[in-house]
Amino acid sequence: MSLSGKRILVGVSGGIAIYKTLELLSLLNKAGAETHVVMTESATRFVTPLTFQTMSQHKVYTDLFEESDGFIPHIDLTREADAFLIAPATANVLAKMAHGMADDLLSATALAAHCPVIVAPAMNVVMYQNPATQENLQILEKRGIHVLYPNEGWLACQEVGTGRMPEATELFEALDTFFTEKDLAGTKILVTAGPTKERLDPVRFLTNDSSGKQGVAIARRAQKRGAEVTLVHGDIKVPVPIHVRDIPVESTEDMLEALKKEFPATDVLIMAAAPADFRPVEEQTQKIKGLDDGKVRAFSVLDTPDILRTLAGMKTDQVVIGFATETEKVLEHAREKMEKKQLDFIVANDVTKEGAAFDYDTNIVTILGEEVEKSLPILSKEEVADQILDLLR
């Protein structure tokens, strides 16, 4: 995790979205970051400094004129910080920053910042849309301030519109992205995730237990590392990462057709999906009725298209990485699959191992290539994703 060991100064101004900042502090601390907090007087009317001190485990600063043993907060706090995030950033705070005002600790700290400054605006929709606020945001961006723009939705003032501060998880992801090295910038990566469905009738289908977590983790980490990512996915159990273009599909044939359109313009294909291997010979248009006499029902099935073989056969200079989910002779079967389908690399995992099966947040894999055999211990799926993406550097 790129946030581990980072020192984040969090500025808090007086807005109802302040409760999200408390959750953000918890997420940052769990990720191994060190957090410190600066509050405006207005912010202390929403949440006490003691609450933020409890969450950050460090002294909270509120007084512009406080000085102790030569430590001057508005000068020294950002000198030691890797980033200064102001969330929520009210219209008043944005106006002060845009016009160089420094009449409280938060605005003075922003003016004297020695580190990158990030703001997450939060306010009523009319205040946000006011030309003054929009011009202030433009001024700040021109000066190199990073803006995490608000979402549209239901606001605390009972209006609907833009002005809603991103959720704590979104702020966390933005910070993580900010600190992640962009070593894959300029690379177009096509990722697949999740199972496909092959319908028996309007209410039943053949599928598998894939959750899509590994493919989504690859897409998330690739985007954070600067790649342009497209995710083609079936019915996944986790949300599509922010800033990742997604193409939802249902059947294996649907996935193949989507990938055939995207593949020629991509640099890398990482096939982490688990497409259904079989489909019924014929999909029934009406629900299949149950039998009352206990007779055995038989269905005829056909193999679905071999997506990896088809796309590997289309490649010019693309890198194609496949997955081999096995229950026996894992490395032997994986190498056979890699050679048979002309893959550049294959990621093999034994789903009989605890922590490596579908729907876990961890995985245990071996990465194979022509001259590569790298067995990894049990890791989070994001850590596995980074190991796979390291092949592209």
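Listed by chain and residue number, nothing satisfies the side chain to side chain donor-acceptor pair (under 3.5 Å) test with Glu41 (two or more places apart in sequence, or in another chain). Qualifying side chain to side chain donor-acceptor pair (under 3.5 Å) partners for Thr48, counting only residues two or more places apart in sequence or in other chains: Thr51. Take Phe178 and apply the ring-ring contact (aromatic ring centres under 6.0 Å, His included) test, not counting sequence neighbours, and it matches His146. Residues passing the salt bridge (Lys or Arg N to Asp or Glu O under 4.0 Å) test with Asp390, sequence neighbours excluded: Arg225, Arg393.
Judged as a ring pair (Phe, Tyr, Trp, His ring centres under 6.0 Å), the pairs with a partner in residues 7-50 (not counting sequence neighbours) are, in order, His36-His58. Residue pairs that meet the salt bridge (Lys or Arg N to Asp or Glu O under 4.0 Å) test with at least one member in residues 98-118, sequence neighbours left out, are Lys96-Asp103, Lys96-Asp104. Sequence neighbours left out, the pairs with a member in residues 21-31 that pass side chain to side chain donor-acceptor pair (under 3.5 Å) are Asn29-Thr35. The stretch residues 364-393 participates, sequence neighbours left out, in no ring pair (Phe, Tyr, Trp, His ring centres under 6.0 Å) pair at all. Pairs engaging residues 138-155 under the salt bridge (Lys or Arg N to Asp or Glu O under 4.0 Å) rule: none recorded [sequence neighbours left out].
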With a cut-off of 3.5 Å and sequence neighbours excluded, list every side-chain donor-acceptor pair involving residues 339-346.
| residue | atom | partner | partner atom | Å |
| --- | --- | --- | --- | --- |
| Lys341 | NZ | Asp306 | OD1 | 3.3 |
| Lys341 | NZ | Asp306 | OD2 | 3.2 |
| Asp344 | OD1 | Lys315 | NZ | 3.4 |
| Asp344 | OD2 | Lys315 | NZ | 2.9 |
| Asp344 | OD2 | Val320 | N | 2.8 |

For a quick test of your reading: what N or O donor-acceptor pairs under 3.5 Å do the side chains of residues 113-124 make, sequence neighbours left out?
| residue | atom | partner | partner atom | Å |
| --- | --- | --- | --- | --- |
| His114 | ND1 | Ile75 | O | 3.4 |
| His114 | ND1 | Thr78 | OG1 | 3.4 |
| His114 | ND1 | Ala112 | O | 3.2 |
| Asn124 | OD1 | Val126 | N | 2.7 |
| Asn124 | OD1 | Met127 | N | 3.3 |
| Asn124 | ND2 | Glu159 | OE2 | 3.0 |

Give the table of side-chain donor-acceptor pairs shorter than 3.5 Å for residues 280-287, with sequence neighbours excluded, one pair per line with atom names and distance.
none

